Asker: 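Below you will find the structure I want to go over with you.
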Number of protein chains: 2
Amino acid sequence: MQPQIEDLAKILKVLGDPNRLGIVMSIGKSSRSVTELIDATGLSQTLVSFHLRVLRDAEIVKTERGGPFIYYSLSMPVLLDIITELSNTINLNK
Amino acid sequence: MQPQIEDLAKILKVLGDPNRLGIVMSIGKSSRSVTELIDATGLSQTLVSFHLRVLRDAEIVKTERGGPFIYYSLSMPVLLDIITELSNTINLNK
DNA sequence: AACTCATATTAGTGGCTACTCATATGGTGA
DNA sequence: TCACCATATGAGTAGCCACTAATATGAGTT
């Protein structure tokens, strides 16, 4: 099994958690601070921070400081299109 | 959080295992018997069977009997395109 | 420096999940 | 029906993963 499959599976696995996926979709193609993500998702600060670390370790999101905030954005914005595409595919299948 | 996100996350989670992803990619757009999948992946019969059940429960694959064999195929073949797309995206990012 | 606000980290825990070994089911052909 | 092949299932286990509570870090402001 090529290393490619491992990498691919890892990304999919990281995205395969409802809370993380919610965070990713909430970030969208823009960038959002942790506080904004807490509000948008309704999750606790600790939990959002925990998931953001997982997303960052997987290089799915990247960070940038702006004033007192740390802004998260997708490192591969096209990921959103892929997720949308998958979402449509699933809905068609029902 | 909409139910849609849950469904989407579930699919991603199921695909987010290297062995399962290998099985899915091995099936591709054709259909393969369990024996063929065992050969293609190098996994044990029990393990392949185990993962196929997970894939089937998630409605990612469907089955069809042909003689002594049970053939597995993707219930949404376009899934492969999406996986390929994701794969390309990840590789570009390195 | 001290205070505050935003965010990260640590430690601990329960539950899930991938895996294996052994066994069972069920179709097919003699 | 019996034997064989293909596939599925059950039980048991180790390791991982999401989550929480408490605490720490660190930038910005006064």
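Naming convention: chains lettered A, B, ... in sequence-line order (proteins, then strands); numbering from 1 in each chain. Because the structure is predicted, anything quoted here is derived from the model rather than measured.
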Asker: Nearest-Å distance, CG (A/L43) to C1' (C/dT7)?
Answerer: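 The answer, rounded to whole Å, is 15 Å.
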
Asker: Could you give the CG-to-P distance, from A/D39 to C/dT7, as a whole number of Å?
Answerer: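 One finds 10 Å between P of C/dT7 and CG of A/D39, rounded.
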
Asker: Would A/K10 and B/D17 pass as an ion pair if we require N to O under 4.0 Å?
Answerer: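 Not counted as a salt bridge, because no side-chain N and carboxylate O are separated by less than 4.0 Å.
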
Asker: Can you check the A/L12 CG to C/dT17 C1' distance for me, whole Å?
Answerer: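 Interatomic distance, CG of A/L12 to C1' of C/dT17: 17 Å.
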
Asker: Can you tell me if B/S75 uses its side chain to pair, donor with acceptor, with the backbone of B/I60 under 3.5 Å?
Answerer: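 Here the side-chain-to-backbone pair exists.
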
Asker: Which residue, A/G66 or B/S33, contacts DNA chain D at a nucleotide closer to its 5' end, judged by nearest heavy atom?
Answerer: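 Mapping each residue to its closest nucleotide by heavy atoms, the 5'-most match is B/S33.
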
Asker: Check the distance between C/dA8's C1' and A/F69's CZ and give it to me in whole angstrom.
Answerer: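 A/F69 atom CZ is separated from C/dA8 atom C1' by 16 Å.
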
Asker: Check the distance between C/dT7's P and A/R32's CZ and give it to me in whole angstrom.
Answerer: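 Whole-Å distance recorded here is 13 Å.
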
Asker: Over how many whole Å does the gap from A/E36 atom CD to C/dC5 atom C1' extend?
Answerer: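 Value for this atom pair: 15 Å.
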
Asker: Between C1' on D/dT7 and CD1 on B/I23, what's the gap in Å once rounded to a whole number?
Answerer: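 To the nearest whole Å, that distance equals 13 Å.
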
Asker: Which nucleotides of nucleotides 8-20 of chain D have their base under 4.0 Å from a protein heavy atom (B), which only their sugar-phosphate (S), and which neither (-), written as one string 5' to 3'?
Answerer: BB-------SBBB

Asker: If the threshold is 4.0 Å, N to carboxylate O, is there a salt bridge linking B/K29 and B/D81?
Answerer: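 Looking at B/K29 and B/D81, the cut-off is met.
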
Asker: Whether the side chain of A/R20 engages the backbone of A/L55 through a donor-acceptor N/O pair (distance < 3.5 Å, no angle test) should be reported.
Answerer: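 A pair under 3.5 Å: no.
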
Asker: To the nearest angstrom, how far is B/L55 atom CG from C/dA18 atom P?
Answerer: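 Taking CG of B/L55 and P of C/dA18, I get 10 Å after rounding.
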
Asker: Check whether any side-chain N or O of A/S87 sits under 3.5 Å from a backbone N or O of A/I83 as a donor-acceptor pair, and report yes or no.
Answerer: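 Side chain of A/S87 to backbone of A/I83: no pair is present.
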
Asker: With heavy-atom distances below 4.5 Å as the criterion, would you say the side chains of B/L12 and A/V14 are in contact?
Answerer: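 Counting from C-beta outward, B/L12 and A/V14 never come under 4.5 Å.
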
